[in-house]
Amino acid sequence: MKPPCNLFYLENSQPDVKIRQYLPLTRLLDQLVRKKYYISQKNRFEDANEGKLPIQLTFHPLLANKLCDAKDDELLARQNEKGDKFKDLSHGYVSCWTKDTDENILMWKSYAPQAGVCICSTIYNFIASFDADSFLKYDTYCAPVAYRTLNFTDDAEDALFVKQPYYKDEREVRFLFSPKKQEEKADSKIWLPVNHAVMIHKAILSPDIPIPAANSIKACLSKFGIKAELSKIKLNTNK
């Protein structure tokens, strides 16, 4: 199967790669009822480092003299251009997943505390689940996040798929939806029509959910065509 023509794989991302996303159960249920998928604008992320130009891309090693020569002026102009491009790209919408196919208690606690769920998919199934007409309004980029330190020679695009090394255990795969029309960059979030039964291979319920409640949630999700299972992590509350 070929990916949509406006999907761009970066750094050799493969469509059959398995991915997971941890999220609050209430958000998943809201999406299922709406038959839509929620994606937040990058510059509205709670992590301030996601919404502003990284300091490593802002400054450059100018010579220690009082007046910049022409070469330094050109460098400064390129950095300003890069900053403008980064700000424009940050108006795109980002969906974050992980390649880690094992349950991760830190991911549960960080992204799906208490009543949470982990949805399992592949890169291709995630993209294939979207309504074609809505999806074609965006140029969509997919790449694993590189965990390294940025520097001033990096392109603005690099900053969208680079995070500091201390995040490396997340093993993030990121999708960037960049609107083709400028006026569509005004909203802080978008809701795109999807077929969740295509997107979600299975859903894993948080280990914080007591088993009787989890069984009821499984029955609820099955009505939407979603197969759910209990977490393999055993906690005292999981009884």
So does E229 pair up with K218, basic N to acidic O under 4.0 Å?
-> no
Sequence neighbours excluded, the answer for side chain to side chain contact (heavy atoms under 4.5 Å, CB included) partners of S95 is Q21, Y37, I39, W97, F126, F175
Heavy atoms only: give me the nearest C220-L29 pair and the separation to one decimal.
-> SG-CD2, 4.4 Å
All salt bridge (charged side-chain N to carboxylate O under 4.0 Å, His left out) counterparts of K18, not counting sequence neighbours | none
All ring pair (Phe, Tyr, Trp, His ring centres under 6.0 Å) counterparts of Y111, not counting sequence neighbours = none
Ion pair present between K99 and E172, side-chain N to carboxylate O less than 4.0 angstrom?
-> no
Residue list, ring pair (Phe, Tyr, Trp, His ring centres under 6.0 Å) with Y22, at least two apart or on another chain | W108
Smallest heavy-atom separation, R20 atom then D102 atom, equals NH1-C, 4.0 Å
E103 versus S231, side-chain donor and acceptor atoms under 3.5 Å | yes
Which heavy atom of I209 sits nearest a heavy atom of G116, and at what distance?
-> CD1-O, 3.7 Å
Which residues satisfy the side chain to side chain contact (heavy atoms under 4.5 Å, CB included) test with K109, sequence neighbours excluded?
-> I105, D208
Test item: T98 side-chain N/O and E170 main-chain N/O as donor-acceptor pair under 3.5 Å | yes
Pairwise ring pair (Phe, Tyr, Trp, His ring centres under 6.0 Å) hits with a residue in residues 186-228, at least two apart | Y38-W191
